[in-house]
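A short write-up of the structure that comes next.
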Amino acid sequence: MEIIDSPRAMTAWSDRTRAAGRTICLVPTMGFLHDGHLALMRRAREMAGKVVVSLFVNPMQFGPAEDLARYPRAFERDAELVGAEGVAVLFAPTAEEMYPAGFQTRVVVSGLTDTLCGLSRPGHFDGVTTVVAKLFHLVKPHLAVFGQKDFQQLAIIKKMVIDLNWDVGIIAHPIVRERDGLAMSSRNSYLEPAERRKALCLYNSLQLGRKMVAGGERDGHRVREEVQQYIVSCGDVDIDYVAVVDAETLADCRTINDRSLLALAVKIGRTRLIDNTLLAG
Ligand code: PAF
């Protein structure tokens, strides 16, 4: 596996690889890799001859009061994990190279960014779309894989690709969970043992919502209310949102259908966790 840190060298590699007729699949990450990321890499390998994993803790997607400084980092360990997955390139640029002095551009998707996580993390998705746009230009992938845990991010990136006529296929990968159901996330490493136990209320609440729908409930707001009550009853948690939305438009979903998604953002101690599930099927 090659480790490339310069954007120019990354583009040169991609030009050569495309000229040789190889398919490139990008897996964008912020590092501190877990089995969820490795599953994305395996999916990428099934679909493309050459897989590029980017590792960049993107300052532009963190708000001033967020956890950029304490975001977990483990470059050596990450490089070993990526190397063991048959990845062709680990692209790990510095913030100075990605955002040189004088950088002034933002790629903004409106509408889809003004709800759910966008409300409590203003500007976050502009940082995500800007860095993903840069990565797409530098890596020139035919395909890119994103996890469904960040379902709003996924919807926004799909929209950006459609709106900008970008020739990149976006592949959604199902959420990868710990044995007990907690969705894998680099931020799980912040949780103290008692918080880790409490964090299970997210998964359990999603199961409650699915059970209600399996039992015949069709009112999205009733599902939301019960799920919310359940999370509150777990005690010592701070709900950012509980929502039942259309998986693509993210619009509020009053009547449950096949595209209805139950989505949550909950703070356990100082750690904000998100999770989601389709309610039917
Ligand atoms: O999902 C993430 O880890 C990040 O938002 C991404 C897509 C790598 C952009 O920084």
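One-based numbering, in listed order, for ligands and for the atoms of each. Residue indices begin at 1 and follow the sequence shown.
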Discussion item. Set out, in order, the CA-CA distance, both residues' side-chain angles and the distance that settles side-chain hydrogen bond (donor to acceptor under 3.5 Å, both in side chains) for R272 and S120, then state yes or no.
Written reply: CA-CA 11 Å; R272 185 176 177 279; S120 50; 3.3 Å; yes
If you look only at distance, which donor and acceptor atoms sit under 3.5 Å apart when one is on a side chain in residues 187-197 and the other is two or more places apart or in another chain?
unit_1 : atom_1 : unit_2 : atom_2 : d
R187   : NE     : D67    : OD2    : 3.0
R187   : NH2    : D67    : OD1    : 3.2
N188   : ND2    : A183   : O      : 3.0
S189   : OG     : S186   : O      : 2.9
Y190   : OH     : D67    : OD2    : 2.9
E195   : OE1    : E192   : N      : 2.9
R196   : NH1    : D180   : OD2    : 3.1
R196   : NH2    : D180   : OD1    : 3.1
R196   : NH2    : D180   : OD2    : 3.0

Item to complete: Evaluate the ring planes of F136 and F146, with Trp represented by its six-membered ring, and classify them as parallel (under 30°), tilted (30 to 60°) or perpendicular (over 60°).
Response: perpendicular
Practice prompt. Return a yes/no value for N58: is any of its N or O atoms, backbone included, closer than 3.5 angstrom to an N or O of ligand 1?
Written response: no
Response to the item:
When distances are taken from atom 2 (C) of ligand 1, the protein heavy atom at minimum range is Q153 NE2, 3.9 Å
Worksheet item: To which protein heavy atom is atom 10 (O) of ligand 1 closest, and what is the distance rounded to 0.1 Å?
Response: Q61 OE1, 2.6 Å
Worksheet item: Among protein heavy atoms, which sits nearest to atom 3 (O) of ligand 1, and what does the distance come to when rounded to 0.1 Å?
Response: M30 CG, 3.7 Å
Item to complete: Answer with yes or no whether the side chains of Y71 and N58 bring together a donor and an acceptor at under 3.5 Å.
Response: no
Worksheet item: For ligand 1, which atoms have a heavy atom of V131 less than 4.0 angstrom away?
Response: 9 (C), 10 (O)
Fill in: Short side-chain donor-acceptor distance under 3.5 Å, T23 and R18
no
Worksheet item: With atoms numbered from 1 as shown, which atoms in ligand 1 lie under 4.0 angstrom from a non-hydrogen atom of P28?
Response: 8 (C)
For residues 162-174, which side-chain donor-acceptor pairs fall under 3.5 Å, sequence neighbours excluded?
unit_1 : atom_1 : unit_2 : atom_2 : d
D163   : OD1    : K159   : NZ     : 2.7
D163   : OD2    : K159   : NZ     : 3.3

Discussion item. So if I count the atoms of ligand 1 from 1 in the order they appear, which ones are less than 4.0 Å from some heavy atom of T29?
Written reply: 8 (C)
